[in-house]
Amino acid sequence: SGVTFRIQADGNVGIGTTAPQKPLEVTSAANNFVSVGVTGLGVGQWAGIHFGYREPNTNYRKSAIVFERTDLTANDAQGKVHILNGPQGSAGSATLSDAKLTIGEGGNVGIGSTSPGYKLDVAGISAATTRFEINNTSYNQPNALTVRGGDTNWSYGSFSNDSSLYWMQVRFSGTGDDNRGFRLFD
């Protein structure tokens, strides 16, 4: 069998390679992955890889990609992936409260949200959520961009009806609907 682990004279370490070019190189075969994890990760706990500056202590670990175990549907080690960045203004290291981007168990992506409810869920000012929908079939607008915030929704887009192409702007709110549209061409 071949060499699977090597420490070179310059200190570079290779796993799966005999000629590491950097301080640590780990390689894998195609259609496979390199595993980094912990044993005994319970629901609500997380583990990951830190990137960036470090000191010879546990301070200043400001950025990381981590896996949080949730077991959403069963005791199956399912979870979320978070990109952490922070905290600001201290020597502390990043935790889940510093998550800037989250990929949920079902594939929804949250920016500023650790529990994304949509394919793209962007948390805005004062925790208000803005929702973007492309190719939305709501409101008979199959090619619309819908922006939702609070109780007001705006849809912008095109749709065809009886061989005519229309551009429509529709406002939906708790008090009534404003519909504005015009025909582009027949």
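Excluded from the calculations below are hydrogen atoms, water molecules and symmetry mates; all remaining heavy atoms, backbone and side chain alike, are included. What you are looking at is a predicted structure, and each value in this text was computed from that prediction instead of being measured.
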Donor-acceptor contact present, side-chain [X] to main-chain [Y], <3.5 Å:
| X | Y | result |
| --- | --- | --- |
| S93 | T58 | yes |
| K62 | G52 | no |
| K100 | N85 | yes |
| E25 | P23 | no |
| N32 | A29 | no |
| R61 | H50 | no |
| T102 | G104 | no |
| S113 | A123 | no |

Would T73 and Q78 count as having a side-chain donor-acceptor pair, cut-off 3.5 Å?
yes
Same cluster or not: [X] versus [Y], using hydrophobic residues (I, L, V, M, F, W, Y) connected whenever any side-chain heavy atoms lie under 4.5 Å apart?
| X | Y | value |
| --- | --- | --- |
| L84 | Y53 | no |
| I103 | I83 | yes |
| V38 | F33 | no |
| V36 | I65 | yes |

For R69, check salt bridge (charged side-chain N to carboxylate O under 4.0 Å, His left out) against everything at least two apart and list the hits.
D71
With side chain to side chain contact (heavy atoms under 4.5 Å, CB included) as the test, would you mind laying out the steps for L120 and I111 before giving the verdict?
CA-CA 8 Å; L120 177 60; I111 299 175; 4.1 Å; yes
